[in-house]
Amino acid sequence: MKLQIRRFQVTDAPAAAAMIAHTLLTSNRADYSEEYLYRLINQLTPAWLCQKAAMTHFYVGYFQHQLVATGAIGSYWGRPGEYSLFTIFVDPGIQGMGGGRQIIQTLEQDPYFGRAHRVEIPASVTARKFYQHFGYQLKPGETYPDDEGLYRLEKFPHESLG
């Protein structure tokens, strides 16, 4: 399956918010309480996504004219050379079919990633192993989810693998 991936536009916001809510309630249900999931859904509104897109390089993936994936890369608390991946969601109907890989590849080809000496990702319990498959590792001393229920993973893009 090949997604059409492009930068987020304001007109994508309602479909993105709906897809994210569906994904949270389907894919993350086993790892998080309903209260936690609805708190996130209430935060990740179309207006919030537009604000996030204004501060990051935010991408959307479409398959057969339907928004099925999102992901963003932006500054990590304003620290030079440090970036973070945000708002990565893949519709449950296409999970395991390469959509997530395509979003990660897009983010890792973004100019921000090219400049980064370190990239962090706040990973859900549900998605931690997926990100580890792409070389993101738990930050030292971060072996359990934090108070937001997330693992903090990081990658050093320009470190030698040998």
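Looking at every heavy atom in both residues, Pro157 comes nearest to Val119 through CG-CG2, 4.0 Å.
Under the 4.5 Å side-chain heavy-atom criterion for ILVMFWY residues, no single connected hydrophobic cluster contains both Phe134 and Phe86.
Within the 4.5 Å cutoff, side-chain heavy atoms of Leu44 are placed close to those of Phe89. Between Glu154 and Glu142, every side-chain heavy-atom pair lies at or beyond the 4.5 Å cut-off. Taking 4.5 Å as the limit, every side-chain heavy atom of Tyr83 sits out of range of all side-chain heavy atoms of Asp110. Annotation: side chain of Arg152 is not in contact with side chain of Leu138 (no heavy-atom distance under 4.5 Å). Put simply, the side chain of Ile103 does not reach to within 4.5 Å of the side chain of Thr70, judged on heavy atoms. Side-chain contact check for Tyr131 versus Ile88: some heavy-atom pair is nearer than 4.5 Å. Side-chain atoms of Leu107 and Phe113, non-hydrogen and from C-beta on, never get closer than 4.5 Å to each other. Under the 4.5 Å side-chain criterion, counting only non-hydrogen atoms from C-beta, Gln137 is not in contact with Leu153.
Shown here is His133, whose NE2 atom has no more than 12 heavy atoms of other residues, nucleotides or ligands within 6.0 Å. For Glu35, the CD atom sits in a loose shell: 12 or fewer heavy atoms of surrounding residues, nucleotides or ligands are nearer than 6.0 Å.
With sequence neighbours left out, the ring-ring contact (aromatic ring centres under 6.0 Å, His included) criterion links Tyr38 to no other residue. By the ring-ring contact (aromatic ring centres under 6.0 Å, His included) test, Tyr59 pairs with no residue at all, sequence neighbours left out. For Thr56, the side chain to side chain donor-acceptor pair (under 3.5 Å) criterion is met by no residue, not counting sequence neighbours.
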Under 3.5 Å donor-acceptor pairs involving side-chain atoms of residues 120-127, not counting sequence neighbours:
from   : atom 1 : to     : atom 2 : distance (Å)
Glu120 : OE1    : Tyr76  : OH     : 3.4
Glu120 : OE1    : Arg118 : NH1    : 3.1
Glu120 : OE1    : Arg118 : NH2    : 3.3
Glu120 : OE1    : Lys139 : NZ     : 3.0
Ser124 : OG     : Thr126 : N      : 3.4
Ser124 : OG     : Ala127 : N      : 3.0
Thr126 : OG1    : Asn28  : ND2    : 3.1
Thr126 : OG1    : Asp31  : OD2    : 2.6

Indicate every side-chain donor-acceptor pair of residues 6-20 with a distance under 3.5 Å to a residue at least two apart or in another chain.
from  : atom 1 : to    : atom 2 : distance (Å)
Arg6  : NH1    : Asp12 : OD2    : 2.7
Arg6  : NH2    : Asp12 : OD1    : 2.8
Arg6  : NH2    : Asp12 : OD2    : 3.4
Asp12 : OD1    : Tyr62 : OH     : 2.6
Asp12 : OD2    : Gln9  : N      : 2.7

Which side-chain N or O atoms in residues 46-54 pair as donor and acceptor under 3.5 Å with protein atoms at least two apart or in another chain?
none

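Rounding to the nearest 0.5 angstrom, the gap separating the OG1 atom in Thr26 from the CD atom in Gln95 is 8.5 Å. Rounded to the nearest 0.5 Å, atoms CG (Leu85) and CD (Glu108) are 7.0 Å apart. Note that CZ of Arg101 and CG of Leu3 are 9.0 Å apart. Values are rounded to the nearest 0.5 Å. Of the inter-residue distances, the one linking Ile5 atom CD1 with Thr106 atom OG1 reads 3.5 Å to the nearest 0.5 angstrom.
You'll find the ring centres of Phe156 and His117 outside the 6.0 Å limit.
Using modelled atom types, one side-chain atom of Tyr36 and one backbone atom of Glu148 make a donor-acceptor pair closer than 3.5 Å.
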